[in-house]
Amino acid sequence: MRRSESFSHRKPWKLSQAALFGCLLIMTVILVCLIKSGSNTNVTLSLQLSSYSNMALPMEEELRTGGQGGLPSIPLSFEEAQLSDELLQGGKEAAILKEKQDEKEAYADADAATSLTSTTMEEMELDEPAIGNRTLTLQLQHEDKHGGGDSDKDWTVTIPKEKLREEETTAERLIKERRVVCDFTAPRSDTCSMDGDVRVIGRSSIIMLASPPTDRSPTENTTWKIRPYPRKWESTMELIRELTVTVAAEPEQAPRCMINHGVPAVFFSTGGFVGNYFHDFTDVIIPLFMTARRFNGEVQLVVTDFNYQFMAKYQQILRHLSHYPAINLDADDRIHCFPHAHVGLHSHRALGIDASKSPNGISMSDFRGFLRKCFSLKRKYSDGIDLQSRRKPRLLLILRRGSRSFVNERQVMRMVKGLGFKLITAGPEETKNISRFAQMVNSVDVLMGIHGAGLTNMVFLPSNATLVQIIPCCDLAKGCRYIFAEPAPDMGIRYVEYEIRVEESSLIEKYPRDAVVFRDPLSIQKQQGFNAFWNIFLNQQKVKLDVRRFRSILSGVLQSIKH
């Protein structure tokens with residue numbers, strides 16, 4: 001019994017010795033074979049680098065000049081003159097800084113959220129290498145002795161991150177092109193595009209390419225100044241923070257990165273006329289969509305003249321443009337680093353995009369589709385109404401308070417209902433919640449109102465819907481058409497206008513019929529300036545609509561809807 005137990009204990013030990021000896025023998029044979037075949041085997045490492053495709057800035061067409069100094073002759077919106085005065089009066093910087101301080105206290109959580117999502121340099125060193133994730137492929141190429149041909153085989157292997165750092169740094173330096181391309185020829189905005197190791201020095205407003213461009217000689221310009229707001233002909237540009245785009249003379253002179261971002265950055269301002277609904281879309285939202293949409297959310301928004309109310313109001317739009325909390329450039333002392341930067345926004349026209357000049361041919365149709373996604377808008381088309389249908393076409397009437405409001409509001413409302421429309425009215429309070437109001441606008445067939453920022457909501461209308469603009473007197477048609485009529489076709493929207501007569505204006509109660517106000521209104525602008533013109537014809541004027549005369553216009557709209 002003991003002999004049997006002793007044998008059972010010894011047998012596994014002897015078997016283990018035999019197995020170990022066998023393994024050593026096999027490894028020796030394999031090693032010898034590998035050494036002999038070394039002259040016929042080539043081992044190569046293929047480093048596959050992922051990078052953003054960067055487009056060269058399209059050159060704008062030559063400026064059509066007019067007016068003073070060869071500046072482009074661009075009609076001004078009627079809201080901007082008053083806003084410009086308010087911004088420039090009473091000490092420009094003091095008022096703005098006080099407003100920003102109040103807003104900072106009210107929205108302190110916004111900065112906290114940004115800080116929580118930031119990645120410090122120390123965290124990066126403990127986690128992923130600063131140059132990001134890469135895929136390594138080990139490719140073995142050897143001659144097939146039996147078949148006489150080449151046979152390739154790819155093996156995916158895991159190599160320690162520390163060993164990859166030197167290889168990746170070298171590969172990026174060889175493959176990635178370093179360049180700065182600036183365009184100062186466009187009539188509305190200046191822009192700079194930067195590729196390479198871009199470092200942003202927060203509060204100092206410096207955006208630096210850490211190494212000299214690969215395609216630029218040492219004697220060429222290495223510093224550019226940009227105010228990233230697309231109204232470069234306006235006096236309000238004086239209040240937009242100036243950013244400096246520059247190139248380090250030597251890489252060692254560039255400040256050390258504190259936050260590494262694996263995505264491009266887009267720099268823009270929320271100053272200027274931001275706060276006026278028309279300018280929110282014309283000067284920021286549409287240009288930002290045109291500039292940032294190509295990155296499909298993988299882009300960091302960097303904002304100067306940071307307007308907390310704007311950022312909160314349009315958060316649904318901004319979240320669809322960027323997956324990351326926006327950086328307040330003016331309040332951030334850290335050094336942020338990016339692989340690509342776009343400073344300034346592309347901008348073409350009021351409430352519009354020129355698809356022939358935009359990145360990737362983006363159009364207003366794309367923008368309106370983007371808005372439908374942001375706000376979950378159901379109607380893409382307004383199909384009209386069958387003559388046999390009992391459904392009434394829906395008309396949304398924008399009601400202003402104060403300037404350019406209806407004196408006979410109730411009479412206008414009765415006329416609209418009498419024609420057969422289902423009337424919906426919206427005053428300033430109803431329009432504050434952009435998400436809810438976008439749903440309302442998208443549900444109607446006709447949007448109607450006196451010229452003003454509220455008509456900007458046409459961007460939410462379904463295609464084939466109708467915009468009816470009531471134009472105040474006197475000689476304002478050209479400016480009003482530029483702002484709302486010209487953008488309509490690219491949105492797929494029908495446009496109808498009604499220009500009131502002198503008798504329908506409240507100005508007839510203030511000035512005699514033969515006054516220069518009615519005889520030659522444009523002379524007031526020439527002699528007294530645009531602010532005086534604006535104050536008389538837009539700030540003081542109200543409308544007493546001739547409902548009988550207007551009825552025929554609206555009746556035609558109704559007939560175009562029914563089929």
Side-chain angles (χ1 to χ4, degrees), residues 51-52 54-57 114 118-122 124-125 129-132 168-170 172-184 189-229 240-269 291-292 295 298-306 322 324 326-346:
S51 64
Y52 288 92
N54 299 302
M55 298 177 57
L57 286 175
T114 303
S118 298
T119 305
T120 64
M121 172 61 81
E122 289 73 22
M124 300 266 316
E125 291 173 350
I131 48 181
E168 290 183 286
T169 302
T170 302
E172 283 192 332
R173 185 165 57 248
L174 291 174
I175 294 175
K176 196 158 192 178
E177 197 174 343
R178 303 184 305 274
R179 63 180 179 179
V180 178
V181 180
C182 294
D183 180 9
F184 294 88
S189 62
D190 296 329
T191 58
C192 279
S193 179
M194 307 172 72
D195 291 319
D197 185 358
V198 180
R199 306 191 183 186
V200 181
I201 310 171
R203 288 178 187 259
S204 65
S205 303
I206 294 175
I207 307 165
M208 177 183 292
L209 188 64
S211 300
T214 54
D215 59 350
R216 189 177 299 275
S217 67
T219 59
E220 291 189 54
N221 185 32
T222 58
T223 300
W224 301 264
K225 302 286 187 179
I226 284 187
R227 298 183 191 269
Y229 185 73
I240 302 299
R241 187 164 187 172
E242 187 176 69
L243 305 183
T244 300
V245 175
T246 189
V247 176
E250 298 293 339
E252 295 76 15
Q253 295 181 3
R256 182 174 180 268
C257 295
M258 299 173 68
I259 310 251
N260 282 276
H261 301 266
V263 298
V266 171
F267 294 76
F268 64 98
S269 170
T291 306
F295 300 115
E298 289 301 308
V299 62
Q300 176 68 62
L301 304 182
V302 185
V303 187
T304 188
D305 306 309
F306 199 95
S322 172
Y324 309 94
I327 294 174
N328 181 353
L329 182 64
D330 307 338
D332 200 324
D333 288 324
R334 298 168 295 183
I335 309 300
H336 293 265
C337 295
F338 300 93
H340 171 82
H342 191 98
V343 186
L345 302 177
H346 295 300

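Computed from a predicted model, the values in this text were never measured in an experiment. Numbers for residues simply follow the sequence, beginning at 1.
The shortest side-chain heavy-atom distance between Thr223 and Met208 does not fall under the 4.5 Å cut-off. Counting heavy atoms from C-beta outward, Leu301 and Tyr324 have side chains that stay 4.5 Å or more apart. Ile335 places a side-chain heavy atom less than 4.5 Å from the side chain of Ile201. Taking the side chain as every heavy atom from C-beta outward, Ile207 and Val343 approach each other to under 4.5 Å. Contact check for Asp190 versus Arg227: no side-chain heavy atoms found under the 4.5 Å cut-off. Using a 4.5 Å heavy-atom cutoff, the side chains of Cys337 and Ile259 are not in contact. Contact annotation: the side chain of Val302 never approaches that of Asp332 to less than 4.5 Å [non-hydrogen atoms, C-beta and beyond].
The two atoms that bring Ile226 and Pro228 nearest to each other are O-CD, 3.6 Å, heavy atoms only. Scanning all heavy atoms of the two residues, the minimum distance from Val263 to Phe338 falls at O-CD2, 3.3 Å. Residues Ala326 and Gln300 approach most closely at CA-NE2, 3.8 Å, considering heavy atoms. Of all heavy-atom pairs spanning Ala210 and Ala248, the tightest one is O-CB, 3.5 Å.
In this structure Thr244 satisfies the side-chain hydrogen bond (donor to acceptor under 3.5 Å, both in side chains) test together with Lys225, sequence neighbours excluded. Take Thr291 and apply the side-chain contact (heavy atoms from CB on, under 4.5 Å) test, not counting sequence neighbours, and it matches Val266, His342, Leu345, His346. Applying the side-chain hydrogen bond (donor to acceptor under 3.5 Å, both in side chains) rule to Ser322 yields no partners; only residues at least two apart in sequence or on another chain are considered. Shown here are the side-chain contact (heavy atoms from CB on, under 4.5 Å) partners of Gln253, two or more places apart in sequence or in another chain: Ala249, Glu250. For Ser211, the side-chain hydrogen bond (donor to acceptor under 3.5 Å, both in side chains) test picks out no residue, with sequence neighbours left out.
Classification of the Phe295-His340 ring pair by plane angle, with boundaries at 30° and 60°, yields tilted.
Salt bridge annotation for Asp305-Arg241: absent, with no cationic side-chain nitrogen under 4.0 angstrom from a carboxylate oxygen. A salt bridge does not link Arg178 to Asp195: none of the charged side-chain nitrogens sits closer than 4.0 Å to a carboxylate oxygen.
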Under the side-chain contact (heavy atoms from CB on, under 4.5 Å) rule, what do Phe267 and Ile327 come out as? Steps first, then yes or no, please. CA-CA 10 Å; Phe267 294 76; Ile327 294 174; over 6 Å; no

Working note: Asp330 + Thr304, criterion side-chain hydrogen bond (donor to acceptor under 3.5 Å, both in side chains); need CA distance, chi angles, decisive distance, verdict. CA-CA 6 Å; Asp330 307 338; Thr304 188; 2.8 Å; yes

Kindly indicate, with the supporting measurements, whether the criterion side-chain contact (heavy atoms from CB on, under 4.5 Å) is fulfilled by His336 and Met258. CA-CA 6 Å; His336 293 265; Met258 299 173 68; over 6 Å; no

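With values rounded to the nearest 0.5 angstrom, Ser189 atom OG is found 10.5 Å from Phe184 atom CZ. A distance of 9.0 Å separates CG in Leu209 from OG1 in Thr246, rounded to the nearest 0.5 Å. Separation of atoms CG (Asp183) and SG (Cys192) is listed at 9.0 Å; rounding is to 0.5 Å.
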